[in-house]
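Working notes, beginning with the structure itself.
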There are 2 protein chains.
Amino acid sequence: MFFLKELPTEQMVKDYVAKTGVGSTDTISKALLMLREASHLIRLLDAYFSSHDLSQLKFLILVVIDREPEIDSLRQSEINQRLDVSKPVLNRTINSLLETKLLKRLDDEEDARAHRLALTKKGKNTLKQIMPGYFELISNFMEQQS
Amino acid sequence: MFFLKELPTEQMVKDYVAKTGVGSTDTISKALLMLREASHLIRLLDAYFSSHDLSQLKFLILVVIDREPEIDSLRQSEINQRLDVSKPVLNRTINSLLETKLLKRLDDEEDARAHRLALTKKGKNTLKQIMPGYFELISNFMEQQS
DNA sequence: TCCATTTAGTTATCATGATAACCAAATGGA
DNA sequence: TCCATTTGGTTATCATGATAACTAAATGGA
């Protein structure tokens with residue numbers, strides 16, 4: 001998350017770059033702009049997910065299971081290969097999705113330590129219901145920029 | 001923070017857009033790319049700050065006080081006008097900066113409820129020491145993209 | 001002037017990210 | 001086959017974001 005409400009002016013960046021002797025003003029300004037734009041979008045997305053009792057991470061867990069081409073379930077470790085988040089956080093978040101019945105847990109035939117995680121009907125419905133608003137939010141946001 | 005390790009392929013976005021009837025494939029893909037690029041940069045920045053016993057927010061608090069043109073101190077509420085973060089988080093983080101002696105607290109002559117927050121010598125030194133690496137990190141990152 | 005409202009800061013509590021350290025099952029080389 | 005290592009998952013603890021609700025001082029209109 002990036003927090004500066006007012007980005008440093010071109011002049012300030014130029015001064016800092018001159019003072020430290022590092023980088024180019026253009027590159028730095030572009031990066032700061034990008035950070036702020038992304039933070040803004042992330043805030044909007046978080047608010048959107050939260051209004052549906054979800055979070056960014058919960059949404060993505062549902063998505064990666066849903067988008068799997070051949071099978072309809074994944075192990076925790078397989079989800080972890082697809083999402084850049086720590087094991088304990090993933091574990092906790094999956095438990096929360098199990099509690100709210102968006103996911104269900106199946107035994108893993110091949111490994112007694114593991115379970116397979118699949119979307120419930122409720123999970124599929126939730127995803128279907130949320131997706132349009134998600135795309136719409138992103139589209140609207142990108143339009144307003146530029 | 002954005003977590004997808006592999007972005008959805010162009011085709012997948014196209015399918016989702018077609019299924020939901022919302023947005024344009026290009027715009028969505030561009031937004032997802034931007035989110036991932038920003039998340040990556042934020043991770044690098046967090047790691048950098050953390051290696052100097054700081055955080056993104058702590059750094060920015062020091063910066064907004066330091067970049068003030070006429071005065072060398074700000075109230076908590078004035079910092080809050082410049083940074084997009086909640087009051088309690090700002091309060092907690094300022095306390096941490098006071099404990100580590102990067103900030104000092106002065107009385108506010110005009111308002112008995114408020115205090116003025118100024119950089120200590122240690123705070124100024126830390127900032128001066130960190131700034132070059134900060135710009136360098138951003139420059140390097142932006143070069144690697146593109 | 002006096003009291004209702006606003007403002008500055010703080011506390012309590014929760015959500016969601018991380019790392020370290022652990023158990024138990026699976027694996028694989030001597 | 002047996003034990004060391006790897007792998008899947010979990011627990012404990014911490015960092016850092018949020019909101020709600022509070023105190024005390026400042027402010028401003030009747």
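Just so it is clear, the model here is predicted, and its values are computed rather than measured. A, B, ... follow the sequence lines: proteins, then strands. Residue 1 opens every chain.
In this entry D/dA30 has C/dT1 as its Watson-Crick or G-U wobble partner, both defining distances falling under 3.5 Å.
If you take CG of A/Leu45 and C1' of C/dT16, they are 16 Å apart, rounded to a whole angstrom. A straight line from CG of B/Asp46 to C1' of D/dC14 spans 15 Å, rounded to a whole angstrom. Distance CZ (B/Phe49) to P (D/dT16): 12 Å, rounded to an integer number of Å. Atom CD1 in A/Ile42 sits roughly 15 Å away from atom P in C/dT16 (whole-Å rounding). Rounding to whole angstrom units, CZ of residue B/Phe3 and C1' of C/dG17 are separated by 7 Å. Put simply, CG on B/Leu57 is 18 Å from P on C/dG17, counting in whole angstrom units. As rounded to whole Å, 11 Å separates atom P of C/dA26 from atom CD of A/Glu110. What separates CG of B/Leu74 from C1' of C/dA8 is a distance of 14 Å, to the nearest Å.
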Using the rule given for salt bridge (charged side-chain N to carboxylate O under 4.0 Å, His left out), can you reason through A/Arg116 versus A/Glu110, listing the C-alpha separation, both sets of side-chain angles and the distance that settles it, and then say yes or no? CA-CA 10 Å; A/Arg116 309 207 54 88; A/Glu110 283 138 36; over 6 Å; no

Worked verdict on A/Leu137 versus A/Leu41 for side-chain contact (heavy atoms from CB on, under 4.5 Å): CA-CA 9 Å; A/Leu137 191 159; A/Leu41 179 50; 3.8 Å; yes

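Salt-bridge check for B/Glu68 with B/Arg82: passed, with a basic side-chain N closer than 4.0 Å to an acidic carboxylate O.
Phosphate proximity of D/dG17 to A/Arg43: absent, as no side-chain N or O sits under 4.0 Å from OP1 or OP2.
Between B/Asp108 and B/Ala114 the shortest heavy-atom distance is CB-O, 3.5 Å.
Where A/Ser55 and A/Ala112 meet DNA chain C, the nucleotide closest to each residue was compared, and A/Ser55 sits on the side nearer the 5' end.
In this structure, B/Phe59 and B/Tyr134 have tilted ring planes: the angle between them lies in the 30° to 60° band.
With B/Thr100 contributing its side chain and B/Ser96 its backbone, the two residues share a donor-acceptor pair below 3.5 Å. When atom types are taken as modelled, the side chain of B/Lys58 and the backbone of B/Phe49 share no donor-acceptor pair closer than 3.5 angstrom.
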Using a cut-off of 4.0 Å between protein heavy atoms and nucleotide atoms, how would you tag nucleotides 2-13 of chain D 5' to 3' with B, S and -? -----BSBBBB-

